[in-house]
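Below: the structure, in C-alpha cells.
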There are 2 protein chains.
Amino acid sequence: MANKTIEDYLKAIYQVDVDQDGAGTTELAERLGIAPASVTGMLKKLAAQDLVTYTRYQGVGLTNAGRAIALDVLRRHRLAERYLADVLGLPWDRVHDEAEEWEHVLSDDVAARMDAALGWPSTDPHGEPIPSARGDVPPLADTPLARLRPRHTARVARVSSEDAEFLRYLGSMGIYPHVALTVLTIAPFGGPLTIEVSGQCHAIGQGVAERIFVVDISPLPAAEEPA
Amino acid sequence: MANKTIEDYLKAIYQVDVDQDGAGTTELAERLGIAPASVTGMLKKLAAQDLVTYTRYQGVGLTNAGRAIALDVLRRHRLAERYLADVLGLPWDRVHDEAEEWEHVLSDDVAARMDAALGWPSTDPHGEPIPSARGDVPPLADTPLARLRPRHTARVARVSSEDAEFLRYLGSMGIYPHVALTVLTIAPFGGPLTIEVSGQCHAIGQGVAERIFVVDISPLPAAEEPA
DNA sequence: GATAATTATTAGGCTCTCCTAAATAATTGA
DNA sequence: TCAATTATTTAGGAGAGCCTAATAATTATC
C-alpha cells in the first residue's frame, strides 16, 4: 500500500470529487488541514505516480489506480468504524477519529476477518456505505431531510458528518440510521423544521437537516405530492 | 503520546535494557533496522526530552518518563497480539507484525475495551507478560528449556521470538505456551536435545531450546538433582 | 601498556512533507 | 472590458529522520 500521507490525499480527493467534478486545491487543503501551496506540490507528485490526473489551475481527479487506493482506505475506515461501534461498543461520535488511524494500519487479512466477524455489513455506524473489497460502492438512494415535505415520514439512511458534537446532538434526539421520523412543519425562508422522532418533537435548523439523509417511507407516494 | 519513531526507540531501549544494563548504540540500531549513526542522533534528542539518560560512548537507559511510554507501547503491542489471536483468529506467527502497527494507534479507551473483551489476559500469545495499565510487569519465573535436565517435565511458559518461521516451526511440533513437554536426552558439546511433546519426540538445537522458556513441573523437585 | 579491533560519534547530505511570502492565473462584477 | 477579488502556483526554506564516510573513544589482545 501507499503511505499514510498519500492515502490521506487520495481519500480526500475521492471525497471532494464524489459529488463535484474535480477537486480544487483550496478545498483539499482545508479538508487535509494543510496550506494550499503544500497541496499543489503533493498533487504534482501524485500525478507523477499516476495516481491522479492533475492540470495546473484545473483541479485534480483520480486515476483508476488512485481511486482503487482511495476506496481501499475508505473501506478500511468504515469497516473499522463499524467494528469499533458494534464489537467494542464505542459510541458513534468517537469512531471516526479512531478509524482515521486504523485505516492506515489494517492489513487485508485483518480487515477481512473483521468484515466476517461483523457479518459483512454494508454501512458504517453513520450509514455511509462500505466499499466492497473489489472497490464497488453501492449508489446512494437517499435525500436530505431538508428536502422532505411536511407530513412525510422517512427513515434515516445516513448522517453526513464527522463532527463529534454534531453527532451527539443528533443522538440526543434519537436520530440514528434506521430510525423513522416525520416532518411536521417547515418554516419558510430557510427556517427550522419541526420533526417527530420516536414520539418526541424537535425543531432543527436547515443546516442540520441538510446533513441528515433519509428515505421517504410515507404511505402515499405520488398522489400526495401536487406537481 | 509520543510519535511512532520515539515510541519505537523507547520500546527498543526497554527491550534491550531488560536483562542487560544499558543499551548499546549498535544493538539498538540492529533492532530498529537503522544505521548506528542515526541512532546516536536520536538518542540526543530523546535525552533532551528527558526520556532517556544518555552519555556519549556509555549507552542509554530509560528515565521514568521514558519507561512509562515504553511499557505503554509494549502493553498495547501485546494486548493487540492477544486480541488478534483470540478474537480475530490470527495465527500466532502473524500477530507480531500486525501488532507492530497497532501499538502506535490504539487509544487508551480502545485498548481498555479490548482488554476487557479478552477478560484481562496476563500474557500475549507467545507467553510474554502484558504490562498493566499502570506499568507493572510481573517478574518472570521461567527458565530456558536448554537449562532443563533430562527426565524433567516442564510446561512452556513463553517463546522468546518474533520470527514467523521460527514460530511456525515450534507450532509444527505442538510447542505453544501451556503445553507440557519432557526432556529425554541432551547431547553434549552444545548438541541437540530430544524432547517429547504430546506423545511425539523431536530433536531440537540448543539455539532453539534457548528461546523456549519453561517452568519445571517434574514430580521430584530437589532429591532428583544431585548437587 | 601499546596496538589492534570494535564500537560510537561527528560531519555533511538527502528525502519527505510541510511552511510563508510573493507572483500569477482565473473568475467575478461593475 | 477592466479592475478587483479569489484561487493557485512558484520560490525559498524548515524540521524530522534517515544515510555514508570519516574520526574518535573504548575495549581487547598481546
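This one's a predicted model, so the numbers in the text were calculated from it and none came from an experiment. Computed from heavy atoms alone, side chains included, the values below leave out hydrogens, waters and symmetry copies.
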Discussion item. Let's go through B:Thr143 and B:Asp216 carefully: what are the C-alpha distance in whole Å and the side-chain angles of both, what is the deciding distance for side chain to side chain contact (heavy atoms under 4.5 Å, CB included) to 0.1 Å, and is it a yes or a no?
Written reply: CA-CA 8 Å; B:Thr143 50; B:Asp216 197 333; 6.0 Å; no
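Taking atom CD1 of A:Ile6 as the reference point, atom P of C:dT17 lies 6 Å away to the nearest angstrom. Computed from coordinates, the B:Ile34 CD1 to C:dA8 C1' distance equals 16 Å when rounded to whole Å. Remark: C1' of C:dT7 and CD of B:Glu27 are 12 Å apart, rounded to the nearest angstrom. The CG atom of A:Leu28 sits 12 Å away from the P atom of C:dC18 (whole-angstrom rounding). Rounded to an integer number of Å, the gap from CD of B:Gln49 to C1' of D:dG15 is 13 Å. Taking atom CG on A:Leu46 and atom C1' on C:dC16, their separation rounds to 13 Å, with Å as the unit. The CG-P distance, from B:Leu32 to D:dC18, rounds to 8 Å in whole Å.
At D:dA16, none of the side-chain N or O atoms of B:Thr5 fall inside 4.0 Å of OP1 or OP2 (strictly under the cut-off). In this model, the phosphate group of D:dT9 is approached by a side-chain N or O of A:Tyr54 to a distance below 4.0 Å at OP1 or OP2. Contact annotation: B:Arg56 reaches the phosphate of C:dT10 (side-chain N/O to OP1 or OP2, under 4.0 Å). One finds no side-chain N or O of A:Tyr57 lying less than 4.0 angstrom from the OP1 or OP2 phosphate oxygen of C:dA23. Taking only side-chain nitrogens and oxygens, A:Thr26 comes nearer than 4.0 Å to OP1 or OP2 of D:dT8.
In terms of heavy atoms, B:Ala203 sits closest to B:Tyr169 at O-OH, 3.9 Å. Taking all atoms of both residues into account, the shortest heavy-atom contact from A:Pro125 to A:Arg82 is CD-N, 3.6 Å. Of all the heavy atoms in B:Thr40 and B:Thr25, the pair that sits closest is OG1-CG2, 3.8 Å.
Classified by interplanar angle (parallel below 30°, tilted 30° to 60°, perpendicular above 60°), the ring pair B:Tyr83/A:Tyr83 is perpendicular.
To the nearest 0.5 Å, atoms CG (B:Leu84) and CZ (A:Arg113) are separated by 9.0 Å.
Contact annotation: the side chain of B:Leu74 approaches that of B:Tyr14 to within less than 4.5 Å [non-hydrogen atoms, C-beta and beyond]. Counting heavy atoms from C-beta on, the side chains of B:Leu106 and A:Trp102 come closer than 4.5 Å.
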Find every protein N or O atom lying less than 3.5 Å from an N or O atom of nucleotides 1-5 of chain D, and list the pairs.
none

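Near DNA chain D, defined here as any heavy-atom distance below 4.0 Å, the residues from residues 35-45 of chain B are B:Ala35, B:Ala37, B:Ser38, B:Met42, B:Lys45, listed numerically.
Scored by the side-chain contact (heavy atoms from CB on, under 4.5 Å) test, B:Asn64 finds B:Arg67 as partners (sequence neighbours excluded).
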